[in-house]
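The structure displayed is predicted, hence computed values, not measured ones. Residue numbers start from 1 in every chain, and the chains themselves are labelled A, B, ... in the order their sequence lines are given, proteins ahead of strands.
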2 protein chains.
Amino acid sequence: MSCAVAIFDRLLQIALLIQDDMARYFADTALTPARTHLLWELNRLGPSTQQALATTLKVSPRNVTGLVDALEAEGFVIRRSHPRDRRALLVTLTDKGTQTIAEMEHERAQSASALIANLSSDQVEQLRQGLDSVAAQLESLVATADRKRTR
Amino acid sequence: MSCAVAIFDRLLQIALLIQDDMARYFADTALTPARTHLLWELNRLGPSTQQALATTLKVSPRNVTGLVDALEAEGFVIRRSHPRDRRALLVTLTDKGTQTIAEMEHERAQSASALIANLSSDQVEQLRQGLDSVAAQLESLVATADRKRTR
DNA sequence: TATTGTTATACTCTATAACTATA
DNA sequence: TATAGTTATAGAGTATAACAATA
């Protein structure tokens, strides 16, 4: 097997392991991966319309309705009416939601430092540069495929 | 944001991009990600019982029944009776299944070489070592969490 | 008694299409 | 006419529990 494929497969393996690790962050909450993702992006964006969330998460508006329904029922977010557009709703984190995200950010930081615990700062820098390059190449690969598909 | 968290988030981003890239491999087939995964593992294992597939994919036996139903309906696999255990079935790739996997392996090799196209062979070696270390750390992180959860 | 696979049931995540209220 | 969100419907992926056939 080529070295390139070995790196590709290793990245796949790491992707699965990261998912397993992150599942631990919300294991004790009523959250699921998709709901956690929405909560996370909502924290990053600030109060948002469901349209904006659908665009950010790259899912349908209908899907966002369901996710927000569940998050609202569990008290992580509330829907407020938009001050200037009476069609729209602003989804906003509650205190519980904000606190939950803060705990997850803390756990992510711990996982992240464990990740590189065995590497020298020089190796960490090399790794960061390598990953930057890989991400850039992958982005252009996927963008090219998208263009072909749209034609 | 710490350097460790930057690497963690970069790995997450790469995981998503790899998923997008791989979706392209079976875009023209009747396959979905879960069915493709089963097909891929089946190719790696050779003819297997559904129990073995459930264990490998870390999924319930009931789930495997559904995936194999769909793959059999589309002609990618067939169920054969097990020669020595009349309870069991051996799921086996058809010619169509084997050929589909071969094409996907070809595309993976192309993606993989594009991945590292901008790196020197020295940088590739550094990246490989960094990823090996990260994967090992992640595995022990997840294993520790599993032990705690089981207690 | 244990194991293999299936039927029954249910929940999450996702999509498209039709509809209402508002812009 | 277009946009924000919902109702209606459907399909994929997942799980547990009960059951039949076989080991």
Rounded to whole Å, how long is the line connecting atom [atom1] of [X] with atom [atom2] of [N]?
X: A:L71; N: C:dC13; atom1: CG; atom2: C1'; value: 13 Å
X: B:N63; N: C:dT7; atom1: CG; atom2: C1'; value: 15 Å
X: B:H82; N: D:dA21; atom1: NE2; atom2: C1'; value: 16 Å
X: B:R35; N: D:dT14; atom1: CZ; atom2: P; value: 10 Å
X: B:E74; N: D:dG11; atom1: CD; atom2: P; value: 14 Å
X: B:Q51; N: C:dA2; atom1: CD; atom2: P; value: 15 Å
X: B:D69; N: D:dG11; atom1: CG; atom2: C1'; value: 15 Å
X: A:R79; N: C:dA21; atom1: CZ; atom2: P; value: 17 Å

Check: Can A:E139 and B:Q13 be counted as having a side-chain donor-acceptor contact under 3.5 angstrom?
Finding: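 Checked: A:E139/B:Q13 side chains pair up, N/O donor to acceptor below 3.5 Å.
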Margin query: Can you see whether B:S111 engages B:D21 through a side-chain donor-acceptor pair at a distance of less than 3.5 angstrom?
Written below: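 The answer is yes; a qualifying pair exists.
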Notebook entry, point to check: If every non-hydrogen atom of B:R128 is compared with every non-hydrogen atom of A:I7, which pair is closest and at what distance?
Noted result: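 Here B:R128 and A:I7 meet closest at CG-CG1, 4.0 Å.
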Check: Less than 3.5 Å between a donor and an acceptor, one on the side chain of A:R62 and one on the base of D:dT7, is that the case here?
Finding: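 Side chain to base: pair found, below 3.5 Å.
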Margin query: Distance criterion of 3.5 Å, no angle test: do you see the side chain of A:R87 paired donor-to-acceptor with the base of D:dT3?
Written below: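 In this structure, the two groups form a donor-acceptor pair.
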Counting side-chain heavy atoms from CB outward, which of [options] is closest to [X]?
X: A:A34; options: D:dG13, C:dT14, C:dT16; result: C:dT14
X: A:T32; options: D:dT16, C:dT6, C:dT12; result: C:dT12
X: B:L89; options: D:dG5, D:dA12, C:dG5; result: C:dG5
X: A:A88; options: D:dG5, D:dT14, C:dG5; result: D:dG5
X: A:T65; options: D:dG13, C:dT12, D:dT7; result: D:dT7
X: B:L67; options: D:dT14, D:dT6, C:dT14; result: D:dT14
X: B:D85; options: D:dA15, C:dT4, D:dT6; result: C:dT4

Margin query: Quick check on DNA chain D: between A:V64 and B:A70, whose nearest nucleotide comes earlier from the 5' end?
Written below: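 The 5'-side residue here is A:V64.
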Check: Does A:S60 put a side-chain nitrogen or oxygen below 4.0 Å from OP1 or OP2 of C:dT14?
Finding: no
Note to self: I want to check one thing: is the phosphate of C:dT6, taken as OP1 and OP2, less than 4.0 Å away from some side-chain N or O of B:Q50?
What the structure shows: yes
Next item on the list: Tell me, yes or no, whether the heavy-atom count around A:R79 atom CZ, taken from other residues, nucleotides or ligands under 6.0 Å, exceeds 12.
Entry: yes
Margin query: Are there over 12 heavy-atom neighbours, none belonging to A:H106, within less than 6.0 Å of that residue's NE2?
Written below: no
Checklist line | Test item: A:S48 side-chain N/O and A:G46 main-chain N/O as donor-acceptor pair under 3.5 Å | finding: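 The answer is yes, because a donor-acceptor pair under 3.5 Å joins these two groups.
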Check: So what does B:V59 hit on the nucleic acid, given a heavy-atom distance under 4.0 Å: a base, only sugar-phosphate, or nothing?
Finding: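 The answer is sugar-phosphate, as B:V59 gets under 4.0 Å only of primed atoms, P, OP1 or OP2.
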